[in-house]
Asks: 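The structure's right below; bear with me while I get my questions together.
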Amino acid sequence: MKQAGFPLGILLLFWVSYVTDFSLVLLIKGGALSGTDTYQSLVNKTFGFPGYLLLSVLQFLYPFIVDPDNLFIGRRFIIVLSTVAFTLPLSLAKDIAKLGKISLISTVLTTLILGIVMARVISLGPHIPKTDDAWVFAKPNAIQAVGVMSFAFICHHNCFLVYGSLEERTVAKWSCIIHVSTLVSVFISILFATCGYLTFTGFTQGDLFENYCRNDDLVTFGRFCYGVTVILTYPIECFVTREVIASIFFGGNLSSVFHIIVTVVLITAATLVSSLIDCLGIVLELSGALCAAPLIFIIPSACYLKLSEEPRTHSDKIMSCVMLPIGAVVMVVGFVMAVTNPQDCTHGQEMFYCFPDNLSFTNTSVSDFQLTTQLSLLNTSVFQ
């Protein structure tokens with residue numbers, strides 16, 4: 001919302017959710033047309049080994065493009081501890097259906113987090129000044145926003161794995177599931193985006209939790225819930241990445257020993273990356289532009305256009321022809337903008353409104369100049 005402009009951001013969120021819904025159904029249709037049952041085999045059948053290799057790289061990279069004084073309360077120590085104790089054991093599972101049942105808990109926790117964000121828009125929002133450009137229709141960074149939204153909706157790399165776990169494997173059944181799932185997802189996303197942006201407007205950080213004050217116990221509980229959701233859902237991402245490695249190097253099958261070795265290597269690599277990067281905004285932008293955009297917009301459309309024998313005027317083909325170039329634009333322009341114009345990162349820093357001496361700002365309209373000045377003053381401890 002901050003990057004795109006609030007009104008345009010809402011429209012883009014609906015549009016990305018619609019494209020996600022359409023492309024997920026398109027993938028299964030493409031699988032039916034080609035007689036394949038995995039994303040890799042679909043692309044391999046359609047575009048040969050070069051396409052297969054490109055998809056494998058994107059699916060492998062997607063989960064990866066994803067510092068306190070006391071060692072035992074530091075983020076790196078907690079990341080390693082939670083990884084060893086929870087993430088690694090869950091990631092060793094061989095059945096994605098079991099992981100789906102476990103991740104259901106994260107859906108419940110997401111509802112709790114949403115309730116916390118909604119509560120704070122009422123209790124905290126009126127005490128935070130609104131930036132001057134808070135309600136403009138559109139902003140120049142809208143394409144970056146599309147990348148972030150694409151990251152939020154990407155699940156195409158899991159598509160065939162989840163489809164294969166269904167008892168009734170038909171396009172009609174899959175379409176019904178996808179329609180309901182996407183509708184629920186966009187509803188939750190709009191509530192999060194709206195409540196978060198209405199609370200902080202131009203002060204909104206790439207990680208919304210960075211906006212809340214450290215002494216807010218309710219939000220601290222929300223942070224804990226969010227950590228648990230990541231622990232419970234990441235194993236599904238690991239499952240897909242492991243499948244890519246198994247497909248490329250082991251002919252699609254891993255022995256029990258190699259299953260453990262590959263899983264440990266993947267989890268270790270991801271843990272190292274997450275311990276070194278603490279700014280969520282740039283992660284979302286780069287992952288959205290480089291991985292989510294091609295997986296959502298480009299590859300499903302390209303596969304369907306090449307495989308389908310429907311006339312050019314067929315609605316699926318028209319939509320695919322629209323999605324493909326838009327995805328290319330989002331990928332290229334989004335990447336360039338993410339590199340040249342990254343989001344501000346205030347990880348670990350308290351926002352100015354968390355200090356009692358700054359309450360006098362709460363009834364003023366804050367311009368970009370005032371915002372910069374306030375943050376500069378905060379960094380030099382003048383407000384103390």
Side-chain angles (χ1 to χ4, degrees), residues 1-27 55 58-59 61-63 65-66 133-157 159 178 181-198 200-202 204-208 279-302 318-345:
M1 300 302 107
K2 176 184 175 181
Q3 291 180 316
F6 184 70
L8 179 60
I10 294 294
L11 295 176
L12 287 175
L13 200 54
F14 275 111
W15 179 73
V16 171
S17 68
Y18 173 76
V19 170
T20 300
D21 182 287
F22 177 80
S23 60
L24 284 168
V25 175
L26 208 62
L27 276 178
L55 175 70
L58 292 175
Q59 288 186 301
L61 287 179
Y62 172 73
I65 303 182
V66 216
D133 62 347
W135 313 117
V136 298
F137 180 81
K139 294 181 181 179
N141 294 341
I143 292 183
Q144 283 177 279
V146 173
V148 174
M149 293 173 187
S150 299
F151 180 93
F153 281 93
I154 179 67
C155 56
H156 297 59
H157 50 304
C159 180
I178 290 303
S181 301
T182 306
L183 184 63
V184 173
S185 297
V186 73
F187 177 72
I188 293 174
S189 296
I190 287 177
L191 284 178
F192 264 119
T194 301
C195 293
Y197 187 78
L198 289 178
F200 304 108
T201 59
T204 306
Q205 300 296 300
D207 178 357
L208 184 61
C279 290
L280 185 60
I282 187 64
V283 175
L284 297 179
E285 290 180 6
L286 289 177
S287 294
L290 293 179
C291 296
L295 288 174
I296 292 178
F297 296 92
I298 300 175
I299 297 177
S301 301
I318 294 175
M319 184 63 184
S320 298
C321 290
V322 172
M323 284 169 51
L324 203 154
I326 291 178
V329 171
V330 171
M331 181 179 178
V332 176
V333 178
F335 172 73
V336 173
M337 294 185 71
V339 173
T340 59
N341 186 31
Q343 291 189 42
D344 295 331
C345 183

Asks: Before giving the answer on side-chain contact (heavy atoms from CB on, under 4.5 Å), spell out for Ile299 and Leu58 the whole-Å C-alpha distance, their side-chain angles and the decisive distance to 0.1 Å.
Replies: CA-CA 11 Å; Ile299 297 177; Leu58 292 175; 3.9 Å; yes

Asks: So which heavy atom on Val322 is nearest to which on Ile326, and how close?
Replies: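 Heavy atoms only, the tightest pair is O-CG1, 3.3 Å.
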
Asks: Decide yes or no on side-chain contact (heavy atoms from CB on, under 4.5 Å) for Glu285 and Val339, but give the supporting numbers first.
Replies: CA-CA 9 Å; Glu285 290 180 6; Val339 173; over 6 Å; no

Asks: Taking all non-hydrogen atoms of both residues into account, name the closest pair between Met331 and Leu290 and its distance.
Replies: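 Heavy-atom minimum between the residues: CE-O, 4.1 Å.
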
Asks: To the nearest 0.5 Å, how far apart are CG in Leu24 and CD1 in Ile296?
Replies: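 So the gap between those two atoms works out to 8.0 Å.
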
Asks: Do the non-hydrogen side-chain atoms of Val333 and Gln144 ever get within less than 4.5 Å of each other?
Replies: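 No, side chains not in contact.
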
Asks: Return the SG to CD1 distance between Cys195 and Ile190, rounded to the nearest 0.5 Å.
Replies: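 Atom-to-atom, Cys195:SG and Ile190:CD1 are 11.0 Å apart.
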
Asks: Would you call the rings of Tyr197 and Phe6 parallel, tilted or perpendicular, where under 30° means parallel and over 60° means perpendicular?
Replies: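 Correct class here is parallel.
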
Asks: Ala4 and Ala145: which non-hydrogen atoms are nearest, and at how many Å?
Replies: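 The answer is CB-CB, 3.7 Å.
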
Asks: So do the side chains of Phe22 and Ser320 get within less than 4.5 Å of each other, counting heavy atoms only?
Replies: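 Side chain of Phe22 against side chain of Ser320, heavy atoms only: contact under 4.5 Å found.
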
Asks: Might you point out which heavy atoms bring Ile298 and Ala328 nearest each other, and give the distance in Å?
Replies: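 Between these two residues, the closest heavy atoms are CD1-N, 3.7 Å.
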
Asks: Apply side-chain contact (heavy atoms from CB on, under 4.5 Å) to residues Tyr18 and Thr182 and explain how you reach the verdict.
Replies: CA-CA 8 Å; Tyr18 173 76; Thr182 306; over 6 Å; no

Asks: Determine the minimum heavy-atom distance between Gly334 and Ala289, stating which atoms define it.
Replies: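 Answer, listing the atom of Gly334 first, then Ala289: C-CB, 3.8 Å.
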
Asks: If you measure from CG on Leu324 to CE on Met319, what distance do you get to the nearest 0.5 Å?
Replies: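 Rounded to the nearest 0.5 Å, the CG-CE separation comes to 11.5 Å.
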
Asks: Keeping the roles fixed (side chain from Thr204, backbone from Thr201), state whether a donor-acceptor pair exists under 3.5 Å.
Replies: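 Pair found, side chain donor or acceptor close to backbone of Thr201.
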
Asks: More than 12 heavy atoms of other residues, nucleotides or ligands under 6.0 Å from CZ of Phe137: is that the case?
Replies: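 Atom CZ in Phe137 is crowded, with more than 12 foreign heavy atoms closer than 6.0 Å.
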
Asks: At their closest point, which heavy atom of Ile154 faces which heavy atom of Ala292, and how far apart are they?
Replies: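 Residues Ile154 and Ala292, closest heavy atoms: CB-CB, 4.1 Å.
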
Asks: Quick one: list whatever passes side chain to side chain donor-acceptor pair (under 3.5 Å) with Ser23, sequence neighbours left out.
Replies: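 If we apply the side chain to side chain donor-acceptor pair (under 3.5 Å) test to Ser23, skipping adjacent residues, the hits are His156.
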
Asks: Can you list the steps and then say if Leu13 with Phe153 is a side-chain contact (heavy atoms from CB on, under 4.5 Å)?
Replies: CA-CA 10 Å; Leu13 200 54; Phe153 281 93; 3.8 Å; yes

Asks: To the nearest 0.5 Å, what is the distance between CD1 (Ile178) and CG (Leu26)?
Replies: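 It is 12.0 Å, given to the nearest 0.5 Å.
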
Asks: Using the side-chain contact (heavy atoms from CB on, under 4.5 Å) definition, which of the options Val146, Val148, Leu12 pairs with Gln3?
Replies: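 Between Gln3 and the candidates, side-chain contact (heavy atoms from CB on, under 4.5 Å) is satisfied uniquely by Val148.
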
Asks: Nearest 0.5 Å, what's the CE-CE distance between Met149 and Met1?
Replies: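 The distance works out to 4.0 Å.
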
